[in-house]
Amino acid sequence: MSTAQEIEAAIQALPTTEREKLVADLPGILPELNGDATWERILSDPRPRPTLTALGDEIAAQFKANPSRFPEIQDRDFDPGS
């Protein structure tokens, strides 16, 4: 049995409350789970992305031409009941 399999088995054997605590603690234990770190890695990736760059340029031009076409996002936009 591999170490990863042993860890998985140990996690599955934990009571629900301990697994929930582990889920909350995992981003601190495994920094690669941190969304900010992931975005930072994406943003600092030096590889060219011409299609993505073109899309960004197109959106920027549309925004410059007509900013009202892009309404500001509100907190209520994320409420499932809205």
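- In this structure, CD1 in Ile11 is found 7.0 Å from CG in Leu26, a value given to the nearest 0.5 Å.
- Summarising the local packing, CZ of Arg69 is surrounded by 12 or fewer heavy atoms from other residues, nucleotides or ligands at distances under 6.0 Å.
- Classification of Arg41 and Asp45 as a salt-bridged pair fails, no side-chain N sitting under 4.0 Å from a carboxylate O.
- Put simply, the side chain of Asn66 never gets that close to the backbone of Phe63: no donor and acceptor are under 3.5 Å apart.
- Counted within 6.0 Å of CD1 on Ile73, heavy atoms from surrounding residues, nucleotides or ligands total 12 or fewer; the atom is thus considered open.
- Here the CG-CD distance, from Asp79 to Gln74, works out to 11.0 Å after rounding to the nearest 0.5 Å.
- Two residues are said to be in side-chain contact when any heavy atoms from C-beta on lie closer than 4.5 Å; Ile7 and Thr3 meet this criterion.
- Hydrophobic clustering places Leu22 together with Leu30 (ILVMFWY residues linked when any side-chain heavy atoms are closer than 4.5 Å, directly or through intermediates).
- To the nearest 0.5 Å, atom NZ of residue Lys21 and atom OG1 of residue Thr16 are 15.0 Å apart.
- Side-chain atoms of Gln5 come within 3.5 Å of backbone N or O of Ser2 as a donor-acceptor pair.
- With no hydrogens or angles considered, no side-chain donor-acceptor pair links Glu8 and Gln12 at under 3.5 Å.
- Heavy-atom contacts from other residues, nucleotides or ligands closer than 6.0 Å to CG of Asp75 number 12 or fewer.
- The CG atom of Leu33 sits 12.0 Å away from atom CG of Asp25, with the distance rounded to the nearest 0.5 Å.
- Closest of all the heavy-atom pairs between Arg19 and Leu14 is NH1-O, 2.8 Å.
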